[in-house]
Student: 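Sending over a structure as C-alpha cells; questions will come in a sec.
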Amino acid sequence: MAPEDGPKIILESMKEAGINFVTSLPDFNLAKLIELVDGDPEIKHVALCREEEGIGLCTGAYMGGKTTAIIMQNGGFLNSCNGLTTTALNFNIPMLLMIYYAGDIGDEGFSTLGSVTEPVLSGLGIRYYVLRKMDEIKNTIKGATLLATDSRRPVAVLLTKNVLGTRR
Amino acid sequence: MTRYDCLKGIASEVGQSLVITIGGGGSTEWGAVRPGEGNMRVRTLGLVQSIALGLALSLPKRQILAVDGDGALLMNLCALPTLAREKPDNLIYMVFDNGMYEASGLIKTATGVCADLIQIARGAGIKEAMWAPSLEDFRDKVVTSMEKRKFAFIGARVESGPEYIKQFKKLPRFDVSEVESVYRMMRYIEKTEGISVVPPPGPRN
C-alpha cells in the first residue's frame, strides 16, 4: 500500500464503519479525500465555511439517524471547541473528527498549532488516535467510529501525511 | 410586534414539526405555546441553524423549524452561505431580531445599530430571505412555506426590553433539561419516523 492510496482507503474505512453524513473544510493535504467523499453517492457531504458549523450539522444529522464525520485541519478543530463542548459533549452526541495534523513531526510552518492540538483534545476529554501507518487505517477508523457511537461522544483520528500521500 | 405573539400565531399550525430553539426567551416562549417531545433547546449561540440544517438533510420528509435570535445568528454568519448552498425544502428558519443581547443584559447587538440580517442573508445567497413586517404576514409566510414545502428564511423585528423580559419570565420554564430535551426528541423521531437513532448499548451478540 502506497501513501497515495491513503485517501481511498480512508473513505472505504469510513463507509465500512457506517458513516453516511460528512461535513468538511479543506486543508491542502485533505483535498483528495474530500474530493472522493464529495463524489460518493452513498454519503451526504456538506461543505462548510467554518468548522464549528460542522459540529451543529453532525449533531442534527445524528438526531436524524445518520452516522457522521467532520473532516478538517487542526486549526479548524480549535475553531470548533465551543460547539464541541456546549453541543456535542453536552448532549452526548457521537461524531468522528477526522483532523489533519498540521505541525506534526516532519511538517513546516505550523509548529504552534501542532503543539497545542493533543493537549486541547485531552483538555476536552476527547479520545484521539494518531494515524501514521497505512496498515492501521481501517482498524483505527472503524474502531474510533464504534467507540464514538458506544461512548456517545466525539472521537478524533489525527491524520498525518504518511496516510494522506501528500508532500510539500 | 413581539416574538411571543409571532410564536403563538404559528403554534397550532406546526403539527409534528421538529423545532430547534436557541436558549433564552425564545425557547421558554415556544415551550409555553407548543410544549412537548418535538422541541429541542440549543445552548451554543450560532448552532441553531446548523443543527436544524443537519436534521432537515437527514429527515427530508419531516418539517423542521428553527427559532433563532439576532445575537446568535451574528455569531455564526458563516452558516448562511452553507445554508444557501443546501436550502432544504423542509426547513423554515426564523430569526427574531430585537437588536439586543436579551438574555445577557440587554446590551445592543450590531443589528440594533447598523446591520441588516436579511440583507446579509441575501448577500450570502439566500434569495428567499424576507422580513415579515406584521404578525399576520409572519404567520402567513410560515404557513405558506409549510404548505408548499418550500425553504424559508424569515426575519421579524420584535420589541424587547426590561418590561418584556418580566412578561416571559412569568411563563413556565422549559419543561426538561437540555440533555433530556435532546433524548426526548430523538426518541420521538424514532417513534414517528420508524428509525433507530440511539440503539441499545453494546456489546452486540
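So you know, we letter chains A, B, ... as the sequences are listed, proteins then strands, and number each from 1.
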Student: Rounded to the nearest 0.5 Å, what separates atom OG in Ser58(B) from atom OH in Tyr62(A)?
Tutor: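 The OG atom of Ser58(B) sits 12.0 Å away from the OH atom of Tyr62(A).
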
Student: Only one of Thr85(A), Thr87(A), Asn82(A) passes side chain to side chain donor-acceptor pair (under 3.5 Å) with Thr44(B); say which it is.
Tutor: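 Going through Thr85(A), Thr87(A), Asn82(A) one by one, the side chain to side chain donor-acceptor pair (under 3.5 Å) with Thr44(B) is satisfied by Thr87(A) alone.
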
Student: Rounded at 0.5 Å granularity, tell me how far CE in Met40(B) sits from OG1 in Thr59(A).
Tutor: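 Here the rounded value is 6.5 Å.
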
Student: Could you measure the distance from the OH atom of Tyr188(B) to the CE atom of Met63(A)? Nearest 0.5 Å is fine.
Tutor: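 Tyr188(B) atom OH to Met63(A) atom CE measures 12.5 Å (nearest 0.5 Å).
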
Student: Can you tell which part of Leu59(B) gets under 4.5 Å to a heavy atom of chain A, answering side chain, backbone, both or neither?
Tutor: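 For Leu59(B), the contact with chain A is made by the side chain alone.
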
Student: Taking the side chain as everything from C-beta on, heavy atoms only, tell me whether Leu57(B) gets closer than 4.5 Å to Lys44(A).
Tutor: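 Side-chain contact under 4.5 Å: yes.
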
Student: Nearest 0.5 Å, please: how far is CG in Leu80(B) from CD in Glu53(A)?
Tutor: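 Between Glu53(A) CD and Leu80(B) CG, I get 9.0 Å after rounding to 0.5 Å.
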
Student: For Phe21(A), which atoms come within 4.5 Å of any heavy atom of chain B: side chain, backbone, both, or neither?
Tutor: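 For Phe21(A), the contact with chain B is made by the side chain alone.
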
Student: Is the count of non-hydrogen atoms from other residues, nucleotides or ligands lying under 6.0 Å from Arg85(B) atom CZ greater than 12?
Tutor: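 Count not over threshold, so no.
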
Student: So for Val48(B), is it side chain, backbone, both, or neither that comes closer than 4.5 Å to the heavy atoms of chain A?
Tutor: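 Nothing of Val48(B), per the 4.5 Å heavy-atom cut-off to chain A.
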
Student: Just wondering, more than 12 heavy atoms not from Lys32(A) lying within 6.0 Å of its NZ?
Tutor: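 12 or below, so no.
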
Student: Of all the heavy-atom pairs spanning Arg152(A) and Pro199(B), show the shortest one and how long it is.
Tutor: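 Taking Arg152(A) first and Pro199(B) second, the nearest heavy atoms are NH2-O, 4.0 Å.
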
Student: Examine whether an atom of Thr82(B) lies under 4.5 Å from a heavy atom of chain A, and if so say whether it belongs to the side chain, the backbone or both; otherwise answer neither.
Tutor: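 When you check distances to chain A, atoms from both the backbone and side chain of Thr82(B) fall under 4.5 Å.
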
Student: Looking at Phe91(A) and Glu178(B), what are the two nearest heavy atoms and their distance?
Tutor: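 Minimum heavy-atom separation between Phe91(A) and Glu178(B): CE2-CB, 3.5 Å.
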
Student: Report which part of Asp150(A) has an atom under 4.5 Å of a heavy atom belonging to chain B: side chain, backbone, both, or neither.
Tutor: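 Just the side chain, heavy atoms under 4.5 Å.
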
Student: What part of Glu86(B) gets closer than 4.5 Å to chain A, counting heavy atoms only: side chain, backbone, both or neither?
Tutor: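 Only the side chain of Glu86(B) comes within 4.5 Å of chain A.
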
Student: Could you tell me which of Leu57(A), Leu48(A), Ile55(A) has the largest number of non-hydrogen atom pairs under 4.5 Å with chain B?
Tutor: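 Most pairs with chain B among the choices: Leu57(A).
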
Student: Calculate, to the nearest 0.5 Å, the distance between atoms OG1 and CG belonging to Thr86(A) and Leu47(B) respectively.
Tutor: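 If we round to the nearest 0.5 Å, Thr86(A):OG1 and Leu47(B):CG are 6.5 Å apart.
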
Student: Considering residues, nucleotides and ligands other than Arg43(B), do more than 12 of their heavy atoms fall under 6.0 Å from its CZ?
Tutor: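 Check fails, neighbour count at 12 or below.
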
